[in-house]
Number of protein chains: 2
Amino acid sequence: MSKPSIPKGTRDFLPSEMLRRNYIFDTIKEQFRLFGYEQIETPSQELMSTLMGKYGEEGDRLVFRILDSGNWLSKLSDEDILERNVAHLTTKVAEKGLRYDLTVPFARFVVQHKSEISLPFKRYQIQPVWRADRPQKGRYREFYQCDADVVGTDSLLMEVEFVELAKAIFSKLQLKVVMLLNNRKILAGIAESIGIPERLTEMTVAMDKFDKVGLEGVIEELKKCEFKEGCITALKPFLLLEGDNEAQLSQLEVLLKASSIGLEGIQEMRFILSHLPQEVEEAFEVRFDSRLARGLGYYTGTIMEIKSHEVEIGSISGGGRYDNLTGIFGEKGLSGVGISFGAERIYDVLEKLDRFPKELEGSCQVLFANLGEEETQYLLPLLRNLREKGISCMVYPDCAKLKKQLSFADNRKIPYVVIAGSSEMSEGKVTLKNMTTGVQEALAKERLVEQWMK
Amino acid sequence: MSKPSIPKGTRDFLPSEMLRRNYIFDTIKEQFRLFGYEQIETPSQELMSTLMGKYGEEGDRLVFRILDSGNWLSKLSDEDILERNVAHLTTKVAEKGLRYDLTVPFARFVVQHKSEISLPFKRYQIQPVWRADRPQKGRYREFYQCDADVVGTDSLLMEVEFVELAKAIFSKLQLKVVMLLNNRKILAGIAESIGIPERLTEMTVAMDKFDKVGLEGVIEELKKCEFKEGCITALKPFLLLEGDNEAQLSQLEVLLKASSIGLEGIQEMRFILSHLPQEVEEAFEVRFDSRLARGLGYYTGTIMEIKSHEVEIGSISGGGRYDNLTGIFGEKGLSGVGISFGAERIYDVLEKLDRFPKELEGSCQVLFANLGEEETQYLLPLLRNLREKGISCMVYPDCAKLKKQLSFADNRKIPYVVIAGSSEMSEGKVTLKNMTTGVQEALAKERLVEQWMK
C-alpha cells in the first residue's frame, strides 16, 4: 500500500500549527467583536451563477467546480461531447463551485437576507476559500480569509474605524506595520489632469509598481504602454510628492486644482487623517501614498494596504470602498467598505520574527503518570479536581515505564508531571515534577491544586 | 435579475445563529482542551483514493467530487464517452473529493504524520463535512462534526475519560442526557451463544431497533431475516435484561458463561463503570444497553451513544473503539477510540428547550449616537476608551434622526446608547440610555466607563 497523501496545494495542520493559527484568528476575531462587527458564515459551495463573471477571466478559470451528483453524463448528448467544447460542457455538468473569496458571497448574502439584517450592516467572516491556482511557496489552493465589511453607509467614519481596527490588531500581534492610504478619486483626478482619463487603469497599474521598480521603472512601463512623452512628464510630480501626509496633500491640491473629483479625493483623505487619534505611533504608521492602487478593481473611494515594517513579504492586509458591490445581485445604491487580513502571511511574518507567544493556550498543563491500576485510582480524583478548576490535564493511558511517560510529556511540551507510587500513596502524597527545571517536590495530595491557584 | 440563492441543502448563518453555534463549538472545544486533546485540521479536499471504499457503497455515492481543473474532457477518448459508463468516467475526471467525515482523514493524518506526533495521540477536530444526500429537515449537505479520538492505546481509561468528557460537555450545556454503553464483544458473545456467530451484523441491526419498535418489532424483523425460531427464543433474554447496570451485567454473565469473548466484553464494561466517579447524577445517566449497536461498522470494543432526556431527536453524540482504523492506510496495530458530538442536533435541542444563554458573547454593548460632526468628534475619544477596556462598541456611521439610530440599536440588541448633543457637550456630559428599561441618565463624560467597570 502506498503512503497516503493529500491533494497538491493543500495542507494538514499539526497541533502546534493550530495553536499558532488560532492565536492569529482569535486576535483578529476579538478586535472585530470589539469594533461591533457581527460574524456570519456562508456555505462552501455556491451556485456557479453566483460566482461566474465576478473575478475576471482568470478568476473564472480558477474556481473549483463540483461535479453534479448522480449521472452527470446523461446531461450530455453524444453530439455535445464529440464537439469537445470543454467550457460549455463544464457548465452542463457542474452547477456548483467552491467559494473563491468572501466578498462575492457576502454581497449575495446581503441581497438575499436584506429583510433579516439591519443596515448599516457590519459583518465579519473568517472561512477558507479555494482557488485552483498553481501551488507555489506561500500560495495554497485552500486558505483562510478574514474579512470585515460595512455596507449601507458612505460615512468616512468607517474608513477611520478600519484604520483603528488594523492598528488594534497589529498592536495585539506586536507587529510594526505601515498602513498606506489612497483614494481612487485622487487617481482619477491625476489621470484627468494629465489628460488621459480613459487610461486610468493602465496608469495606475504602472504607478502601483513604483515601490518595486522606482521612478525609472514606472516611466519605462508607461513608455511600453505608449503613453505620450508629455503625459509622462506631467505625471512625474504626482509620483514624487514629498514630506508628511499633509505636506503631500497640499502639493497634490495645487496639482489637482482643476479636477473636482481629485479635490474630492483629497478632502476625503483629510477627513480620515484628521479623525484618527493624533498620537504618533512608531509601531503603526499611517501614510498617504498617491501611487497605491491595489489593482483598483471595484474600489471607488478609499484604498488601504498594510505592509510589515520588519519582513519583506508584500501586503498583509488590504481593502477599500466600493460603491456598488451588491449591484451585481440587483441591489443598487448600497455603498460598502471593507478590509481583509491575510492570516497566512501574518503567520509567516510572526514565524520569521519568532514573535508567537511562548505559551499558547490550548496545550495540556499536567500529565498524571500511570504506574498501575491502584496508583491510577489514587490519582484520578486529583486529576478531576484540577480539571474542574480549568486546568488542562490527562492521565497517561497505559501503565508504561516512567521514562517513557516523561518523554511523552516532553514531546507534548506538558510542563508538569504528577507521579504517585506506593511510597507517595502510603503517605497521602504526590510527587510533582517540573519538566522545565527538572525539579521534583513531594506534596500532600490535597495541596496539589494550590500550585495552579496562586 | 433573479434573486440570488444558494445550493440546496446548504445554509447561510446569520449573526444571531453564529453566536449560538459558536456557543456550542466553544463549549465543546473548551472541554476537549481541558481533557488534553490537541486540535488538528485537514484539507477540505482529499484524494478520491483516500475516500473511496471507506464508507460503503452508499457512502461512496454521496461523496462530492471536484471536477479536475483545466481540460478534463481531454482525458476521455471518444470511445470512453460513447460507452457511457458514468462510474468509470467519473474516476477519470475527478481525482479529488470533499471530506465526508473526520475519521478517515484522521486515520490518513496519523499514518502520514506518524513521525511528527507522539503516541498515544489525543486529537480533536471541528470542521465541516459534505455529503450529497437528499436534503430534508435537519439533514444538510454541509455540516460540522466535532470529534475527539485517541489512537495508540487500548487502555480502557480512555473510555472512562470519554464518559467524563461527555458529562462535562452536556453539563456545561445544561442538558439532561443518557449515555448508553455497550461492547461489540458482548454482541459477538450473544451471537455466539445463540448459535449464529456468522450473522452478528443482521442480529445487531435488528436488536438496535428495540428502542423504536419494542420486543415484538425486533422479533418481527428477525423472522423477516429468516432467523430460526429457536434462535429467536434464545435471544429474548438478552433483550430483556432488568435492573441497574450491575444487575444486568450479572444476568448477562450467566447467559454468556460459555462465551469467552462475551465475558471479556462484560469485564471491559465493568472496568469502565467502576472507574467512573460514583456520585449519581440525575442530569447524566450512564446506562449499559445490551441492544446498542450503532451500525457496528468498524467498532471492535466499546460502543457509546448519547441521547437527550428532554427532546426526542435520536442520538446527539456517539462513538466507540476501533482496533484497526489506520490499517486501511497500511499502519497496523494502532487501537483507537473516539467520540463525535452532533453540534447541529445539539443546536436543535437547545433551541427547542430555549436553553441558549440569554446573553451571548460577541454582541455589541454600546452604540454611540451620531448627531453631527462636532458631536462625533466629542464622543470618539470616549468610544476608544471603552474599547480599550474590552467593551464592544460602535458609532452610528451617519448623522441620522435619533429615532432611527435607537431603532437600529433595538434591532441589533445593543443594550446601551450614548448620546451627546450641544447641551451635553457644553456641560462635559453624555446621556446614557438603557435600551431595556428605557431609563436615561446624564453622566460626566469621564464617568461613562465606570458603568462597565463595576
Side-chain angles (χ1 to χ4, degrees), chain A residues 1 4 6-7 10-15 18 33-36 38-47 50 64-67 69 71 73 78 81-82 84 86 89 94 96 108-109 111-113 116 118 120 128 132 142 153 155 157-158 329-330 362 364 387 392-395 397-398 408 411-412, chain B residues 1 4 6-7 10-15 18 33-36 38-47 50 64-67 69 71 73 78 81-82 84 86 89 94 96 108-109 111-113 116 118 120 128 132 142 153 155 157-158 329-330 362 364 387 392-395 397-398 408 411-412:
Chain A
M1 196 175 305
I6 51 179
T10 69
R11 295 165 289 174
D12 282 325
F13 295 109
L14 291 161
M18 284 306 300
R33 191 185 72 77
L34 277 177
F35 280 73
E38 300 186 290
Q39 188 176 13
I40 68 160
E41 281 187 4
T42 62
S44 303
Q45 304 181 15
E46 293 275 357
L47 295 172
T50 298
F64 276 111
R65 264 103 168 157
I66 309 282
L67 191 60
S69 308
N71 191 348
L73 204 56
D78 290 351
I81 296 168
L82 296 175
R84 290 191 171 268
V86 68
L89 294 187
K96 299 178 293 281
R108 195 244 335 122
F109 181 100
V111 176
Q112 196 174 329
H113 299 280
E116 300 160 272
S118 316
E142 173 175 34
T153 173
S155 166
L157 286 174
M158 293 295 95
F329 297 111
C364 186
R387 258 190 209 142
S392 169
C393 49
M394 60 183 281
V395 61
D398 304 290
F408 173 83
N411 287 336
R412 273 212 46 187
Chain B
M1 196 176 304
I6 51 178
T10 69
R11 294 166 289 173
D12 283 326
F13 295 110
L14 290 160
M18 284 306 300
R33 191 186 71 78
L34 277 177
F35 279 74
E38 301 185 290
Q39 190 176 12
I40 68 161
E41 282 187 4
T42 61
S44 303
Q45 303 181 15
E46 293 275 356
L47 295 173
T50 298
F64 275 110
R65 265 101 168 158
I66 309 283
L67 190 60
S69 309
N71 191 348
L73 204 57
D78 291 350
I81 296 168
L82 297 175
R84 292 191 169 268
V86 67
L89 294 187
K96 298 179 293 284
R108 194 242 336 120
F109 180 99
V111 176
Q112 195 175 330
H113 299 280
E116 300 160 271
S118 315
E142 172 174 35
T153 173
S155 166
L157 286 175
M158 293 295 94
F329 296 111
C364 186
R387 259 191 208 140
S392 170
C393 49
M394 60 183 281
V395 61
D398 303 290
F408 173 83
N411 287 337
R412 273 211 46 188

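Chain letters run A, B, ... following the sequence lines, proteins first and then strands; every chain starts at 1.
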**Student:** Could you list the residues that satisfy ring pair (Phe, Tyr, Trp, His ring centres under 6.0 Å) with B/Phe109, not counting sequence neighbours?
**Tutor:**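 Testing B/Phe109 for ring pair (Phe, Tyr, Trp, His ring centres under 6.0 Å), a comparison that skips the adjacent residues, returns B/His113.
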**Student:** Restricting to non-hydrogen atoms, name the atom on B/Lys96 and the atom on A/Pro7 that form the minimum distance, rounded to 0.1 Å.
**Tutor:**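 That closest heavy-atom pairing would be CD-CB, 3.5 Å.
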**Student:** Which residues pass the ring pair (Phe, Tyr, Trp, His ring centres under 6.0 Å) test with A/Phe13, sequence neighbours left out?
**Tutor:**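 Counting only residues at least two positions away or on another chain, A/Phe13 forms no ring pair (Phe, Tyr, Trp, His ring centres under 6.0 Å).
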**Student:** With a 4.5 angstrom heavy-atom cut-off, which part of B/Leu82 approaches chain A: side chain, backbone, both or neither?
**Tutor:**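 Side chain only.
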**Student:** Show the nearest heavy-atom pair for residues A/Pro120 and B/Phe408, with the distance to one decimal.
**Tutor:**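 Reported closest heavy-atom pair: O-CE1, 3.3 Å.
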**Student:** Does any non-hydrogen side-chain atom of A/Arg108 lie less than 4.5 Å from one of B/Ile6?
**Tutor:**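 Side-chain contact under 4.5 Å: yes.
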**Student:** Go through the atoms of A/Arg387 and report whether side chain, backbone, both or neither lie under 4.5 Å from a heavy atom of chain B.
**Tutor:**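 Looking at A/Arg387, backbone and side chain both touch chain B.
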**Student:** Which residue out of A/Val111, A/Val86, A/Asn71, A/Leu157 racks up the most heavy-atom pairs below 4.5 Å with chain B?
**Tutor:**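 Going by pairs under 4.5 Å, I would pick A/Val86.
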**Student:** Out of A/Ala94, A/Ser69, A/Ala132, A/Cys393, which one racks up the most heavy-atom pairs below 4.5 Å with chain B?
**Tutor:**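 Ranked by contacts with chain B, first place is A/Cys393.
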**Student:** Checking A/Gln45 against B/Thr10: is there a side-chain donor and acceptor pair closer than 3.5 Å?
**Tutor:**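 No, no side-chain donor-acceptor pair sits under 3.5 Å.
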**Student:** Go through B/Thr50, B/Leu14, B/Thr42 and name the one with the most non-hydrogen pairs under 4.5 angstrom from chain A.
**Tutor:**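 Heavy-atom pair counts peak at B/Leu14.
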**Student:** Taking side chain as everything from C-beta outward and backbone as N, CA, C, O, which of these in B/Thr153 sits under 4.5 Å from a heavy atom of chain A? Side chain, backbone, both or neither.
**Tutor:**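 Contact with chain A: backbone and side chain both.
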**Student:** For the backbone of B/Leu67 and the side chain of A/Arg65, can you confirm whether one donor and one acceptor N or O come within less than 3.5 Å of each other?
**Tutor:**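 No: the side chain of A/Arg65 does not pair with the backbone of B/Leu67.
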**Student:** Is B/Gln112 close to chain A through its backbone or its side chain, or both, or neither, when contacts mean heavy atoms under 4.5 Å?
**Tutor:**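 For B/Gln112, the contact with chain A is made by backbone and side chain together.
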**Student:** If you look at every heavy atom in A/Pro15 and B/Ile40, which pair is closest and at what distance?
**Tutor:**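 Reported closest heavy-atom pair: CD-CG2, 3.7 Å.
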**Student:** Any side-chain to backbone donor/acceptor pair from A/Arg84 onto B/Leu73? Under 3.5 Å, distance only.
**Tutor:**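 Answer holds: yes.
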**Student:** For B/Gln39 and A/Met18, work out which heavy atoms get closest and say how close.
**Tutor:**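 Where B/Gln39 meets A/Met18 most closely, the heavy atoms are O-CG, 3.3 Å.
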**Student:** Would you say the side-chain atoms of A/Ser392 pair up with the backbone N or O of B/Arg33, donor to acceptor, closer than 3.5 Å?
**Tutor:**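 At least one qualifying donor-acceptor pair exists.
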**Student:** Is the backbone of B/Glu38 close enough, under 3.5 Å, to the side chain of A/Arg412 for a donor and an acceptor to pair up by distance?
**Tutor:**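 Side chain of A/Arg412 to backbone of B/Glu38: no pair is present.
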**Student:** Looking only at heavy atoms, what is the nearest atom pair of A/Gly36 and B/Met394, with distance?
**Tutor:**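 Heavy atoms of A/Gly36 and B/Met394 come nearest at O-SD, 4.2 Å.
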